[in-house]
There are 2 protein chains.
Amino acid sequence: MASRNTVQQRVIAQQLMELGNHPTADEVYRAVRRQLPSVSKATVYRTLNKLVHLGEATCVIAGLGAERFDHRTDEHCHVVCMKCGTVQDVSEGVFNDGVDHADAAAACGYEIVGHDLVFEGICPACQRA
Amino acid sequence: MASRNTVQQRVIAQQLMELGNHPTADEVYRAVRRQLPSVSKATVYRTLNKLVHLGEATCVIAGLGAERFDHRTDEHCHVVCMKCGTVQDVSEGVFNDGVDHADAAAACGYEIVGHDLVFEGICPACQRA
DNA sequence: ACACTTAATGAAAATGATTATCAATAAGTA
DNA sequence: TACTTATTGATAATCATTTTCATTAAGTGT
Ligand SMILES: [Zn+2]
Ligand SMILES: [Zn+2]
Ligand SMILES: [Zn+2]
Ligand SMILES: [Zn+2]
């Protein structure tokens with residue numbers, strides 16, 4: 001009986017999918033609460049971390065404000081707005097070409113398990129403001 | 001009289017240099033306290049942020065534990081240990097080839113001001129443990 | 001050297017995000 | 001249905017960082 005299938009976990013995973021754009025734990029919490037008004041924020045954190053642990057989600061290190069979660073698990077890179085903190089995917093995947101884990105491992109002695117390429121910028125909305 | 005030259009700021013900047021390897025604010029604080037026992041942690045935070053603002057230091061977004069500061073201001077990338085959180089430079093700079101801000105701007109509509117390439121891995125010490 | 005203005009400091013409280021605790025609940029099983 | 005215990009909700013605790021505010025001292029002018 002290693003794991004149990006609960007409504008909370010199903011709704012949290014579903015909302016992470018539907019929100020799509022790299023929500024914070026608090027944004028997921030507010031979305032889930034519309035379907036499960038008594039859900040606890042602790043459960044949202046627990047479930048999001050569990051999904052990341054299971055490889056069914058990832059977390060984006062944005063360096064601005066709260067941690068953000070990503071329903072995508074394939075390798076892709078992000079752009080974060082330095083003003084409002086929103087995170088978006090940068091499509092194509094062309095930017096990860098030239099990033100070689102073996103080269104990096106040779107250069108620093110670490111065992112490399114992954115990498116993150118994050119662009120910093122100003123989003124269209126904040127450019128106007 | 002826009003700005004004043006204080007002992008605290010001089011020692012903090014000097015310790016950031018001497019510590020070298022991407023210390024946290026707390027690590028800088030403990031080092032500075034050896035020379036200025038009454039220094040306040042708030043002053044360390046204030047000064048480190050000021051240095052970053054002035055372009056005389058940078059902060060590394062590592063996504064694990066506390067924020068880390070870097071006395072280097074040239075473009076280079078990092079590797080962070082997923083177990084202990086230590087951050088090291090990945091030399092050569094070869095890994096930033098192929099990262100094109102104009103391409104990224106075209107792909108997402110953001111105005112791109114910079115980027116960070118962070119490898120995730122296990123450091124030699126943690127590999128043995 | 002002295003006085004003055006105010007930027008900068010130290011100490012402590014406040015904030016914000018995340019994790020830990022624990023009694024109560026409910027998912028899976030027999 | 002009864003039983004076991006994984007999961008939950010509520011809350012407290014933790015951790016990093018920022019804010020507040022009275023006090024100190026750097027720079028300036030006398
Ligand atoms: Zn923005
Ligand atoms: Zn993404
Ligand atoms: Zn390590
Ligand atoms: Zn560095």
Side-chain angles (χ1 to χ4, degrees), chain A residues 1-16 22-54 56-70 80 82 84-87, chain B residues 1-16 22-54 56-70 80 82 84-87:
Chain A
M1 197 190 317
S3 175
R4 289 177 186 177
N5 186 354
T6 68
V7 242
Q8 288 88 342
Q9 291 181 15
R10 261 177 281 128
V11 175
I12 289 165
Q14 176 214 329
Q15 283 303 323
L16 177 60
H22 312 91
T24 62
D26 192 70
E27 286 166 347
V28 174
Y29 169 63
R30 291 204 297 275
V32 169
R33 206 168 38 172
R34 292 203 300 268
Q35 291 183 49
L36 298 173
S38 73
V39 76
S40 162
K41 196 175 276 195
T43 298
V44 173
Y45 274 102
R46 277 187 292 240
T47 303
L48 289 173
N49 287 338
K50 182 182 179 182
L51 289 171
V52 170
H53 220 81
L54 290 175
E56 295 170 22
T58 55
C59 53
V60 183
I61 56 180
L64 192 63
E67 188 165 21
R68 287 168 179 278
F69 294 86
D70 195 339
V80 52
M82 294 287 95
C84 65
T86 56
V87 172
Chain B
M1 199 188 318
S3 177
R4 287 177 188 179
N5 186 353
T6 69
V7 242
Q8 287 88 342
Q9 291 180 14
R10 260 177 284 129
V11 175
I12 290 165
Q14 177 214 330
Q15 283 303 324
L16 177 61
H22 313 92
T24 63
D26 192 69
E27 286 166 347
V28 174
Y29 168 64
R30 292 204 295 274
V32 168
R33 207 168 37 173
R34 292 203 301 267
Q35 292 184 46
L36 298 174
S38 72
V39 75
S40 163
K41 195 174 276 194
T43 298
V44 173
Y45 274 102
R46 277 187 291 239
T47 302
L48 288 173
N49 287 338
K50 182 182 178 181
L51 289 172
V52 171
H53 221 81
L54 291 173
E56 295 170 20
T58 54
C59 52
V60 183
I61 56 179
L64 190 65
E67 189 165 20
R68 285 167 180 277
F69 294 86
D70 195 340
V80 52
M82 293 288 96
C84 66
T86 57
V87 173

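Chain letters run A, B, ... following the sequence lines, proteins first and then strands; every chain starts at 1.
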>> With a 4.0 Å limit, can you tell me whether T43(A) has a side-chain N or O closer than that to the phosphate oxygens OP1/OP2 of dG9(D)?
In response: yes
> CZ of R33(B) versus P of dT9(C): gap in Å, rounded?
Replying inline: 17 Å
> OP1 or OP2 of dA8(C) sitting under 4.0 Å from any side-chain N/O of S3(B)?
Replying inline: yes
>> Once rounded to the nearest 0.5 Å, what's the spacing between atom SG of C59(A) and atom NE2 of H22(A)?
In response: 11.5 Å
>> Both A42(B) and V7(B) contact DNA chain D. Which one's nearest nucleotide lies toward the 5' end?
In response: A42(B)
> Got a second to check how far T47(A)'s OG1 is from R10(A)'s CZ, nearest 0.5 Å?
Replying inline: 11.5 Å
> Whole Å only: how far is the CD atom of E67(B) from the C1' atom of dA17(C)?
Replying inline: 14 Å
> How is A66(B) classified with respect to the nucleic acid when contacts are heavy atoms under 4.0 Å: base, sugar-phosphate, or nothing?
Replying inline: sugar-phosphate
>> Quick check: do Q15(B) and P23(B) have side-chain heavy atoms less than 4.5 Å from each other?
In response: no
> Do any side-chain nitrogens or oxygens of Q9(B) fall under 4.0 Å of OP1 or OP2 in dT9(C)?
Replying inline: yes
> Within the pair T6(B) and dT9(C), is there a side-chain N or O less than 4.0 Å away from OP1 or OP2?
Replying inline: yes
>> Would you compute the distance between atom CD of Q8(B) and atom CD of Q35(B) and round it to the nearest 0.5 angstrom?
In response: 11.5 Å
> Could you state the CD-P distance from E27(A) to dG16(C), rounded to the nearest angstrom?
Replying inline: 15 Å
> Atom CZ of R10(B) and atom C1' of dT9(C): how far apart are they, to the nearest Å?
Replying inline: 14 Å
> OP1, OP2 of dT18(D) versus side-chain N and O of N49(B): anything below 4.0 Å?
Replying inline: yes
> Taking CE from M1(B) and P from dT24(D), how many angstroms apart are they, rounded to a whole number?
Replying inline: 19 Å
> Expressed in angstrom and rounded to an integer, what is the separation of D26(A) atom CG from dT19(C) atom P?
Replying inline: 14 Å
>> Starting the side chain at C-beta, find the nucleotide from dG9(D), dA11(C), dA27(C) nearest to S40(B).
In response: dA11(C)
> Would you say the base of dT7(D) and the side-chain of R46(A) have a donor-acceptor pair closer than 3.5 Å?
Replying inline: no
>> Less than 4.0 angstrom between a side-chain N/O of K41(A) and OP1 or OP2 of dT19(C), yes or no?
In response: no
>> Base, sugar-phosphate or nothing for N5(B)? Non-hydrogen atoms, less than 4.0 Å.
In response: sugar-phosphate
> How close do S40(B) and Y29(B) get, heavy atom to heavy atom, and via which atoms?
Replying inline: C-CE1, 4.0 Å
> Just how far, in rounded Å, is P of dT29(C) from CZ of R4(A)?
Replying inline: 9 Å
>> With a 4.0 Å cutoff (strictly under), does any side-chain N or O of Y45(A) reach OP1 or OP2 of dT19(C)?
In response: no
> Given dT24(D), is OP1 or OP2 found less than 4.0 Å from the side-chain N or O atoms of Q8(B)?
Replying inline: no
>> Using a heavy-atom cut-off of 4.0 Å across all strands, would you classify S38(A) as base, sugar-phosphate, or nothing?
In response: sugar-phosphate
>> I'd like to know if the side chain of E27(B) reaches the main chain of T24(B), judged simply by a donor and an acceptor atom lying under 3.5 Å from each other, with no hydrogens or angles considered.
In response: yes
>> I need the CG-P distance between L48(B) and dT18(D), as an integer number of Å.
In response: 10 Å
